[in-house]
Colleague: 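Below are the structure tokens for one structure; questions will follow.
Not measured: the values here are computed from a predicted model. Throughout, a chain's letter reflects where its sequence line sits, starting with A, and its residues are numbered from 1.
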There are 2 protein chains.
Amino acid sequence: MTWLDLPADHPYGIHNLPYGVFSTDGTEPRVGVRVGDDVLDVAACAERAGMESAAVWRAGSLNPFLAEGRQAWTAARAWLTEQLTTEAHRDCVEPNLVPVSQVRLHLPVEVADYVDFYASEHHATNVGRIFRPDSEPLTPNWKHLPIGYHGRSGTVVVSGTEVVRPSGQRKAPTDPAPSFGPSVRLDIEAELGFVVGGATRLGEPVALAEADEHLFGVVLLNDWSARDLQAWEYVPLGPFLGKSFATSISPWVVTTDALRAARVPLPGQDPEPLPYLRGGLSDDGAGTAYGLDVAVEVDWNGTVVSRPQFRDMYWSPAQMLAHMTVNGATLRDGDLFGSGTISGPEKGTRGCFLELSWSGTEPVSLDDGSQRTFLEDGDTVVLRATAPGPDGAVVGFGECVGTVRPAR
Amino acid sequence: MTWLDLPADHPYGIHNLPYGVFSTDGTEPRVGVRVGDDVLDVAACAERAGMESAAVWRAGSLNPFLAEGRQAWTAARAWLTEQLTTEAHRDCVEPNLVPVSQVRLHLPVEVADYVDFYASEHHATNVGRIFRPDSEPLTPNWKHLPIGYHGRSGTVVVSGTEVVRPSGQRKAPTDPAPSFGPSVRLDIEAELGFVVGGATRLGEPVALAEADEHLFGVVLLNDWSARDLQAWEYVPLGPFLGKSFATSISPWVVTTDALRAARVPLPGQDPEPLPYLRGGLSDDGAGTAYGLDVAVEVDWNGTVVSRPQFRDMYWSPAQMLAHMTVNGATLRDGDLFGSGTISGPEKGTRGCFLELSWSGTEPVSLDDGSQRTFLEDGDTVVLRATAPGPDGAVVGFGECVGTVRPAR
């Protein structure tokens, strides 16, 4: 369907068109769209086409585009598709394609508020068993609302950024007093992150049926976690320094438009949630509490140790967004929320090492013959994901990579 | 000491010089400094004086000034003092003074990350007794680290902004299931907020002794809280929708330089904290874990119902900042952290209505003959504060005001 020489099964075919921010040597970061193994310099293309909107694409983040809202996102996608599929536009496009190997990818969004949810029943159950062995694993509120908390937006970093092992206080239950030092239980959390646009006004909740108007796109998200710091600090006000040292996201924001074929019903919610969180999957899947069929893989030093499935999540992204604003909290352009660790019922689908190693008691074997419980200095973790696209196509998410450096 | 006609006991004398952002009819918001009952248009004054730095003062927030760091803050204060005390500069200053009654005050800072601490032992003990009556009121970690969590920076609003009563889920322990509706336990928290500048790099903690380099100034902060929403949601990941609907701050940022005479030793810490949080009050009070002698008053519909003293706080602002970054988390220009509710040992010094009404069981009497437990629609809360300045002067903070509007 396109003059571009792209195989039909390419994860960055024209059915995908994810947005990012890139630069080449000596140029300013600006918006790019991934097409096959190239990045389209959207501003240059738009200028050549005489578009008035080129300034939005010259920005060093997607935020000005996010501010334009759903109608502009739809129009931009239609325009890009037209550019890439019509021979007449070839002169506009071809000179502005840059091989991805020649670009540097930046944080795609200037993150406004960052919220992290806890939407996997399997993950919450496992963590409850590990952290609170004497209580019911799920707290009484868990099936009534998507539990979440605010994280540190200033330490959201782009894939490839090295992660310095954090130091802090920790105290095992058997220790007489807390001690200070580098975390010895450094972990990951494999998540999807949702990028929000179309800012709202204070005091005006976003209804579930309107959530799609604000859900621009999806990234892979690694919520690096220092479990020893977290366990000591998190009662009563929640995780803080155990999380705030770094959160990595993948550089390509896959639009929710590109994920329409990946919409699936949720596994089922019992008890039925309160009305503001209630919604089935309508025929066109719009504005409802749909799940997403995204297959994730967790690669630890070259060994795929887990394959979490996002379709196993209990709460939907739209439910998380509706809940987050039901008290009248505003959305800002560039808000980001994470799903929480994606874990399924089987061991091979657990999305963090706390669960995979069952709090360090069941080491994980890597292909190089070594064994791991938590992260060692020099370890590299790569998250990857794909989702079904239209007509059998595959939607690629790219990678979210991080390497652990020793504590300073 | 100045050609300005200011009484020595004026809370906005030249010993204070707090920064804000103001506009007049038809003009863009820009930086102002409060002097007596006027606002100095700093950009206009600097331009008239031929300063190159005028662009910083034309900004619609203090963030560019915050980015310049401690040395620039000191230089600006010296320059402003010179302008205001030297007859020769009168021509520069006088035409650029605007009566405060003629200006509109804006949010002074574009808030990057917002963190809220929990640094009053009296408050934490009272809340523990109310929320967790079957446990020790202070959690085991409380005296080892300043407990804190991230809040929603997008809903930090300037004094005067109306607060819409939030709706959400709540479930009393005796209710069979949660219900949805407007909060019926809407509360305040009287706090100080600390404005941060001099951004740091990822992975590089700020030592206690360097905290003063980043502590630019102080505002009054009202952490509006829906106690019914909070009680149901906060286990295990902390407060979320019970807090995220609004946080009000006063429009004038009182600099830490203006509060040097207000430095006092902490009440005492036992057990001694770990070394990264350890520091006494040296003779010049620099870079150490000092407290601040700030007297706050909480005014409910015209009745002062409480007089919290910041000097009663257990943890110091510098300890909060050092703790917040010890894991390598960055500071950004415009970060804001709250102290947590300021409560003292006596009932008349409790900083929230949850404590003052002991969870609604002991109504508070107002001067108009009415009684209150939590906030009713139409109620107005005003926070005010003063601190000792040099040579018997008083440092004024201005007001942090909010009126409750009915749920939508």
Colleague: Where on B:Leu145 is there a heavy atom nearer than 4.5 Å to chain A: the side chain, the backbone, both, or neither?
Modeller: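 Contact with chain A involves both backbone and side-chain atoms of B:Leu145.
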Colleague: Select one option (side chain, backbone, both, neither) describing which atoms of B:Arg132 are under 4.5 Å from chain A's heavy atoms.
Modeller: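 Contact with chain A: side chain only.
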Colleague: When you compare the side chain of B:Leu277 with that of A:Gln169, does any pair of heavy atoms fall below 4.5 Å?
Modeller: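 Side-chain contact under 4.5 Å: yes.
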Colleague: What orientation do B:Phe117 and A:Phe240 show, parallel under 30°, tilted 30 to 60°, or perpendicular over 60°?
Modeller: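 The rings of B:Phe117 and A:Phe240 stand perpendicular, inter-plane angle above 60°.
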Colleague: Look at B:Gly168, B:Gly128, B:Pro239 and state which one has the largest set of heavy-atom pairs under 4.5 Å with chain A.
Modeller: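 Winner by heavy-atom pair count: B:Pro239.
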Colleague: Please flag which part of A:Val163 lies under 4.5 Å from any non-hydrogen atom of chain B: side chain, backbone, both or neither.
Modeller: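 Neither part, no heavy atoms under 4.5 Å.
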Colleague: How long is the gap from OG1 on A:Thr139 to CG on B:Leu237, to the nearest 0.5 Å?
Modeller: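 It is 8.0 Å, given to the nearest 0.5 Å.
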Colleague: How about B:Tyr149 and A:Tyr149: are their ring centroids closer than 6.0 Å?
Modeller: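 Distance test on ring centres: not under 6.0 Å, no.
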Colleague: Between A:Val127 and chain B, which part of the residue has a heavy atom less than 4.5 Å away: side chain, backbone, both or neither?
Modeller: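 When you check distances to chain B, no heavy atom of A:Val127 falls under 4.5 Å.
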Colleague: Donor-acceptor pair, B:Asn327 side chain versus A:Gly242 backbone, under 3.5 Å?
Modeller: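 No, the answer is negative, given that no donor and acceptor are paired below the 3.5 Å cut-off.
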Colleague: Non-hydrogen atoms of chain B under 4.5 Å away: do they reach the side chain of A:Arg165, the backbone, both or neither?
Modeller: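 Neither; nothing under 4.5 Å.
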Colleague: A:Ser153 and B:Arg332: which non-hydrogen atoms are nearest, and at how many Å?
Modeller: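 Closest pair (atom of A:Ser153, atom of B:Arg332, distance): OG-NH2, 3.0 Å.
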Colleague: Tell me, side chain or backbone of B:Phe245 under 4.5 Å from chain A's heavy atoms, or both, or neither?
Modeller: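 Interface part for B:Phe245: both.
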Colleague: Just give me the residue among B:Gly328, B:Ala112, B:Gly154, B:Ser179 that pairs up with chain A most often, heavy atom to heavy atom, under 4.5 Å.
Modeller: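 The answer is B:Gly154.
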Colleague: Assess whether atom CD of B:Glu110 is packed by more than 12 heavy atoms of other residues, nucleotides or ligands within 6.0 Å.
Modeller: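 No, CD of B:Glu110 has 12 or fewer neighbouring heavy atoms, counting only those of other groups under 6.0 Å.
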Colleague: Are B:Pro236 and A:Tyr234 side-chain neighbours, meaning at least one heavy-atom pair lies under 4.5 Å?
Modeller: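 The answer is yes; the side chains approach within 4.5 Å.
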Colleague: Please classify the contact of B:Tyr276 with chain A as side chain, backbone, both or neither, using a heavy-atom distance under 4.5 Å.
Modeller: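 Side chain only.
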Colleague: Find the one option among B:Leu241, B:Val326, B:Thr155 whose heavy-atom pairs under 4.5 Å with chain A are most numerous.
Modeller: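 Highest number of heavy-atom pairs under 4.5 Å: B:Leu241.
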Colleague: Would a 4.5 Å heavy-atom cut-off, applied to side chains only, mark B:Leu202 and A:Val164 as touching?
Modeller: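 With C-beta onward as the side chain, the pair stays apart.
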Colleague: Check whether B:Pro275 gets within reach of chain A through its side chain, its backbone, both or neither, counting any heavy atom under 4.5 Å.
Modeller: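 Contact with chain A is absent: no heavy atom of B:Pro275 under 4.5 Å.
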Colleague: Contact part of A:Ser183 toward chain B, heavy-atom cut-off under 4.5 Å: side chain, backbone, both or neither?
Modeller: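 Contact with chain B is absent: no heavy atom of A:Ser183 under 4.5 Å.
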Colleague: Side chain, backbone, both or neither: which part of A:Pro182 has a non-hydrogen atom closer than 4.5 Å to chain B?
Modeller: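 Nothing of A:Pro182, per the 4.5 Å heavy-atom cut-off to chain B.
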Colleague: Only pairs of heavy atoms separated by less than 4.5 Å count here; which of B:Pro140, B:Gly203, B:Ala226, B:Gly148 has the most with chain A?
Modeller: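 The candidate making the most pairs under 4.5 Å is B:Gly148.
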Colleague: In Å, rounded to the nearest 0.5 Å, how long is the span from NE2 of B:His150 to NZ of A:Lys243?
Modeller: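 Reported value, rounded in 0.5 Å steps: 12.5 Å.
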Colleague: Select one option (side chain, backbone, both, neither) describing which atoms of A:Phe131 are under 4.5 Å from chain B's heavy atoms.
Modeller: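 No part of it gets close to chain B.
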Colleague: How close do B:Ala329 and A:Ser244 get, counting heavy atoms only, and between which atoms?
Modeller: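 That closest heavy-atom pairing would be CB-O, 3.6 Å.
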Colleague: More than 12 foreign heavy atoms under 6.0 Å from CD of B:Glu136: is that the case here?
Modeller: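 Not more than 12 within 6.0 Å, no.
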Colleague: Taking every heavy-atom pair that is under 4.5 Å apart, which of A:Asp116, A:Leu331, A:Val235 has the most such pairs with chain B?
Modeller: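 Of A:Asp116, A:Leu331, A:Val235, A:Val235 has the most heavy-atom pairs under 4.5 Å with chain B.
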Colleague: Donor-acceptor check, side chain of B:Arg152 to backbone of A:Thr330, threshold 3.5 angstrom: yes or no?
Modeller: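 It does hold such a pair.
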Colleague: What residue in B:Ala199, B:Pro166, B:Pro271, B:Gly151 has the most heavy-atom pairs under 4.5 Å with chain A?
Modeller: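 The residue among B:Ala199, B:Pro166, B:Pro271, B:Gly151 with the greatest pair count is B:Gly151.
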